[in-house]
Amino acid sequence: MYKRQDAIELILDNLNSGEIIVSTTGKTSREVYEYRKNKNQGHQNDFLTVGSMGHCSQIALGISLKKKDRHVYILDGDGAVIMQMGSLSTIGTEAGNNLKHIIINNGAHDSVGGQPTAGFAINFSEIAKANGYKAAFKAETEAEIIKCINELKLSEGPSLLEIRVNKGARVNLGRPEVSPAENKINFMKALSESEKI
């Protein structure tokens with residue numbers, strides 16, 4: 001299986017430029033930020049959900065309801081989804097076609113010590129569909145991830161992709177160089193400017 005960082009890089013490389021990304025707290029957001037920086041890409045379309053475990057999907061839902069002409073991608077973790085499982089029913093009943101939910105499942109609370117979750121013991125796809133998601137996909141290999149991302153992009157939302165990965169992160173993984181407040185302001189400014197185009 002892939003590592004989370006590798007999966008994130010594949011996801012970002014295979015999405016259309018300018019897509020809205022809302023990423024979960026911890027190492028996922030750190031890896032999104034670092035990859036954008038290494039590729040000399042801007043951060044203005046990424047909302048890094050710092051210190052709010054389990055809430056990135058509801059933040060993304062709100063954005064998707066306001067920005068119906070934009071695809072909104074959630075980069076979530078298994079532990080975060082399990083922590084706020086009720087958010088799936090809210091998404092399933094309220095979200096439009098533009099919301100796409102990606103769960104990067106490593107079976108662990110990786111950002112706070114690696115304690116195991118029930119992520120590998122439950123079926124996120126069936127749970128999502130039972131809560132009203134229109135489609136659900138699952139991937140592990142590079143080929144599967146690329147294939148499923150392309151299917152996710154074309155699917156009617158809300159839809160879900162579970163990517164199973166190994167736990168662990170680089171020891172020298174950096175942290176965002178902007179504060180959460182600065183990230184929020186820059187993100188809101190980019191969303192506001194897109195309305196004027």
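- Contact record, C148 with L161: CB-CD1, 3.5 Å, taken as the closest heavy-atom pair.
- What you find for I104 and R4 is that their closest heavy atoms are CG2-CG, 3.6 Å.
- Y2 and E142 share a donor-acceptor pair across their side chains, judged by distance under 3.5 Å alone.
- If you check the side chains of N186 and Q44, you find no donor sitting under 3.5 Å from an acceptor.
- Listed for the N183 side chain is a donor-acceptor partner under 3.5 Å among the backbone atoms of D46.
- For the side-chain hydrogen bond (donor to acceptor under 3.5 Å, both in side chains) test, no residue two or more places apart in sequence or in another chain qualifies with E94.
- Formation of a donor-acceptor pair under 3.5 Å by the D78 side chain with backbone atoms of G107 is found in this model.
- Between the side chains of Y35 and D13, at least one donor N or O sits under 3.5 Å from an acceptor N or O.
- Using a 4.5 Å cut-off on side-chain heavy atoms (C-beta onward), M85 and I122 make contact.
- Of the charged side-chain nitrogens involved, at least one lies within less than 4.0 Å of a carboxylate oxygen, so that R164 and E162 count as a salt-bridged pair.
- Under a 4.0 Å N-O distance rule, the pair E34/K37 does not qualify as a salt bridge.
- For the residue pair N16 and H71, no side-chain donor N or O sits within less than 3.5 Å of a side-chain acceptor on the partner.
- Between the side chain of S192 and the main chain of K189, no donor-acceptor pair closer than 3.5 Å is present.
- Environment of CE in M188: sparse, with no more than 12 heavy atoms of neighbouring residues, nucleotides or ligands closer than 6.0 Å.
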